[in-house]
Engineer: 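Here it is, the structure in full.
Chain letters run A, B, ... following the sequence lines, proteins first and then strands; every chain starts at 1.
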Amino acid sequence: MNPMVAERRSAWQSLDSGQLLLIAAAGMLVVAAIAHTAVVGLADSHVAVGFGALIAVGELARLTMPGNREVAPISTAAAFGYTLLIDVGGIRVDHSALQVVAVMSVGMIAGALPHLAVNRPPRLDAMSRRLLSGAMVAFAYRPVADNLAGMIGSPGDSWWIPLGMMSALVVFAVLIDTGIAALLRAEQVRTSFGVAARDELRNAAPLGTAVGASGILLALGSHSMDMAALLVFAAPLLVSQVAFRKYAQIRSTYLQTVRALSRVTEVGGYVEQGHSLRVSRLAVAVGRELGLAEPELLDLEYAALMHDIGQLSLRDPIPGGATVLTDRDQARRIAELGAEVISKTGVLDRVAEIVRRQCDSPHEGPPLASRVIKAANAYDDLVGGSTDRDRAAAALDRMRLDSGSEYDARAVEAMTRVVDRGFRA
Amino acid sequence: MRGLPWPARLYLIVLVVAAGLVIARGGIEPQEWPALVVLALLFLVCESVPTLLNVQNAAVSLSFSAGLAAVILLGAEGAALVGAIALLSVRPGLPLVKRLYNGAQFTLCGYASGWVYAELGGETGVPDDPSHFADLIGPFAAAAATYVLLNVLMMGLLLRLTGDVQTGQLRRWGLAQFFISYLGYATFGLLIAGLWATVHSISAALVLLPLFVARWAFGQYHAQQRAYDATIAALCQAVETKDFYTRGHSERVSKASVMIAREIGMGPERLSAIRYAGMLHDVGKLGVPTKVLQKSGDLTEEEFAAIQLHPMRGLEIVKGIDFLDEAYAGIMHHHEKMDGRGYPMGLAGLEIPEFARVIAVADAFDSMTSDRSYRGARPVPVAIDELRKGSGTQFDPEMVAAFIKAVTREGWQTSKPVPPPEDDVVTKDHDDPTMPIQVVSER
């Protein structure tokens, strides 16, 4: 089979039921909105085209934030702006909520096409989420938009009523969006909804604030600036976009680099091939099972990747490289040396502490992440890259005997669940 | 003020007097005071949190937007007054001289751009007629350009007078980035003015929100970038601990590579790529057994092969990182020689990737100017002579020339002398061009 086809099929299969439901709902809404608009005709077509174009540009410039979250800030801000629009240059606009959805979807599809052409298909679930949360605001706001028209522009007036209403709706939309995202994520990475919701909110808050405020500004600005508002707004939106893109880029390079450099211990023959990566994947899965939030998981992942870095200070590798079999003092010394290397960065203090205490027994009170790494490291030393289920079960049995005295009982328990579920490092 | 040379002092006095004169002209009407206060506050807030937008030393910050909004809403006199508020900046540790200078500079910039705006037919006041808004954009753009240019000129003159000009501070690329970010800020000013007609003074607060989020994101980005650089440096150091004498080698090679790359005019993206490539060029050395690195006497062919393999091992490690392809090529081929006698591929001349030709020079130079177990560090001039000797056979003459030029101008901080460790063993340095590795054939 053509590998590309295989890849695409697996991309479809990787969507779970929640995502499919979401995409189907969005799809139906899009069809209804476009059909309705086609029948009724486009109201204020030049406004629709202008905002639609900005949405398309925003979709074209979508970016991926840490945690593989796809966002399109410019597109979302433009959609908010179009939804909340009252008048353009003093002339009232009068588009229905369904027209808003139609313009949004056409713009989004147009912006996604160039990406498709170079074989970078958009994340359908992320797109559907953006569309649905925008549509919700439209259905709540459009019917009352007309009543707000008199309230802006004239001196000494009650401009704060529309402003307050817009802000409330935007906050509501961002919350709904985060809620859906958290539901999907909880299912995807198998964590509790509470943890996922907090993670999503932490990630969405800054960008959501910028996007929401820009959307409101766009709607209000159109009153005095006419369609020039769209042009004037493109620049500040771009500034935010550039800032977030750079941030996302360095975050992903950082992780890649630590992943790559953690392999120096393998190349130097200090540990088995793939050891660091396997330990880190298992540790993250166990950490998630234990309900750790994303920032803690990131620390855990870095610590797990670099847990053997202290071995580089040894003149020659320990034969076989397995730290579980070497004597205690030696292992502690390696942990200490590794922590020293990591704390030299001056920024990864928590990671250094996790690495320093990776050999501690539970009664010494090490951080949870250290306990997880200790268990994951022991498991990998016993099982290695093998996929033999008997060997895995035997290793878990052996560790369970030592749990409480040597390994943290909760960590071993969580690891058993993760491995039973068919975890593959 | 005392520390300043007299031309700078004179310059400062001229600026302050001129600004004083401008403000003394007055011309603000009572009904404009509320707007003036709001804009001045906005200016002060923005001025007090200087931006991190990659523009060092050019003390224009977000306050630029507030100053330009004043140009439309209040005219030249108002813009001058708003600029003068920089005097009261709450930035910690800002000496009075700098406050005076900033206040005077922003006053003059505001006044001049207001004058340009009015001359070009820009209408002063709240723009509440939507049909004429587009007419404001042209004069406003001219006003913004005046503001930035005047600011850069005044700042440049000051830096020259105080002798504080760093060489090549504003390069072509930096300049483009500079103007693009100020174009962005200028439109924020237009936005504030445009929104004034709709939501009055609250427009300032509304515009600030996305601005501060963008600033926050840039702050996060810079923090991550610093953390990233520190992490790479720490990990490279960890790789070096095995060999006592090569400590700090990666960092110095990285620095020298950047000096060469800058000299031959590489853009910022390639500069940062070569910085990392220089840093990581020897990570593959870990794959070479310690006993081979520390063997005294000649190496067997097999042992030499292990050394020859280290660039490939390095590539294997870093290939998971999303660098420019050139960085990989630089790591892979940094031991190729111009005459084709290098390793691992035996490429010759311009077949060798540019990054590799740069790193080769930096690598050999740092090796020669550092202590080794079998010899002391050579002085910089001797090492430079060696580079010249190898130019054309081992090194690319262009890179050697560029490096010599950069070192003569900027100097070179050699590695600290290394006291030999107690259990000293002779360690070969595969980078040292003056001590080629001797290989004996086993037959």
Engineer: Are the side chains of B:Gln225 and A:Lys246 in touch, meaning some heavy atoms are under 4.5 Å apart?
Structural biologist: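 Not touching, per the 4.5 Å side-chain cut-off.
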
Engineer: Is B:Leu209 in contact with chain A via its backbone, its side chain, both, or neither, using a 4.5 Å heavy-atom distance?
Structural biologist: side chain

Engineer: Which answer fits A:Leu217, side chain, backbone, both or neither, if we ask what part of it has an atom under 4.5 Å from a heavy atom of chain B?
Structural biologist: both

Engineer: Grab the two heavy atoms, one from A:Ala260 and one from B:Ile317, that are nearest each other, plus how far apart they are.
Structural biologist: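 Here A:Ala260 and B:Ile317 meet closest at CB-O, 3.2 Å.
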
Engineer: Which of the residues A:Ile91, A:Thr253, A:Asp226, A:Val88 is involved in the greatest number of heavy-atom pairs with chain B at under 4.5 angstrom?
Structural biologist: A:Thr253

Engineer: Any chance you could measure B:Thr231, atom OG1, to A:Ile342, atom CD1, to the nearest 0.5 Å?
Structural biologist: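 Taking OG1 in B:Thr231 and CD1 in A:Ile342, the distance rounds to 9.5 Å.
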
Engineer: Enter the distance from B:Ile321:CD1 to A:Thr257:OG1 here, rounded to the nearest 0.5 Å.
Structural biologist: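 Separation between the atoms: 4.0 Å.
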
Engineer: What's the spacing between A:Thr345 OG1 and B:Gln237 CD if we round to 0.5 Å?
Structural biologist: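 If we round to the nearest 0.5 Å, A:Thr345:OG1 and B:Gln237:CD are 10.5 Å apart.
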
Engineer: According to the interplanar angle, ranging from 0 to 90°, do the rings of A:Phe244 and B:Trp216 count as parallel (below 30°), tilted (30 to 60°) or perpendicular (above 60°)?
Structural biologist: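 Taking B:Trp216 first and then A:Phe244, their aromatic rings sit tilted (interplane angle of 30° to 60°).
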
Engineer: Can you tell which part of B:Leu280 gets under 4.5 Å to a heavy atom of chain A, answering side chain, backbone, both or neither?
Structural biologist: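 The answer is the side chain of B:Leu280.
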
Engineer: With a cut-off of 6.0 Å (strictly less than), are more than 12 heavy atoms of other residues, nucleotides or ligands near CE of B:Met312?
Structural biologist: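 Open.
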
Engineer: Rounded to the nearest 0.5 Å, what separation is found between the CD1 atom of A:Ile250 and the NE2 atom of B:His222?
Structural biologist: 10.5 Å

Engineer: What is the distance from atom CD1 of B:Ile137 to atom CG of A:Leu231, rounded to the nearest 0.5 Å?
Structural biologist: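 Nearest 0.5 Å value for the CD1-CG distance: 7.0 Å.
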
Engineer: How close do A:Tyr254 and B:Ala227 get, counting heavy atoms only, and between which atoms?
Structural biologist: OH-O, 3.5 Å

Engineer: Measure the spacing between OG1 of B:Thr187 and CG of A:Leu237 and express it to the nearest 0.5 Å.
Structural biologist: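 Here the interatomic distance stands at 9.5 Å.
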
Engineer: Would you mind checking which part of B:Tyr228 comes under 4.5 Å of any heavy atom in chain A, side chain (CB onward), backbone (N, CA, C, O), both or neither?
Structural biologist: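 The answer is both parts of B:Tyr228.
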
Engineer: What pair of heavy atoms forms the shortest contact from A:Lys344 to B:Ala234, and how long is it?
Structural biologist: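 For A:Lys344 and B:Ala234, the tightest heavy-atom pair comes out as CB-CB, 4.2 Å.
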
Engineer: Counting only heavy atoms closer than 4.5 Å, note whether A:Met306 contacts chain B via side chain, backbone, both or neither.
Structural biologist: side chain

Engineer: Take atom CZ in A:Arg350; do more than 12 heavy atoms of anything else shown fall under 6.0 Å from it?
Structural biologist: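 12 or below, so no.
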
Engineer: Please determine, among A:Gln249, A:Arg259, A:Glu266, A:Arg263, the option with the most heavy-atom pairs under 4.5 Å with chain B.
Structural biologist: A:Arg263

Engineer: Any idea which of A:Ala210, A:Gly338, A:Ala229 has the most non-hydrogen atom pairs under 4.5 angstrom with chain B?
Structural biologist: A:Ala210

Engineer: Side chain from CB out, backbone as N, CA, C, O: work out which of these in B:Ala233 comes under 4.5 Å of a heavy atom of chain A, or both, or neither.
Structural biologist: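 Neither part, no heavy atoms under 4.5 Å.
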
Engineer: Given that the side chain runs from C-beta out, which part of A:Leu163 has a heavy atom under 4.5 Å from chain B: side chain, backbone, both or neither?
Structural biologist: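 For A:Leu163, side-chain heavy atoms alone lie under 4.5 Å from chain B.
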
Engineer: Under 4.5 Å heavy-atom distance to chain B, tell me which part of A:Val267 shows up: side chain, backbone, both or neither.
Structural biologist: both

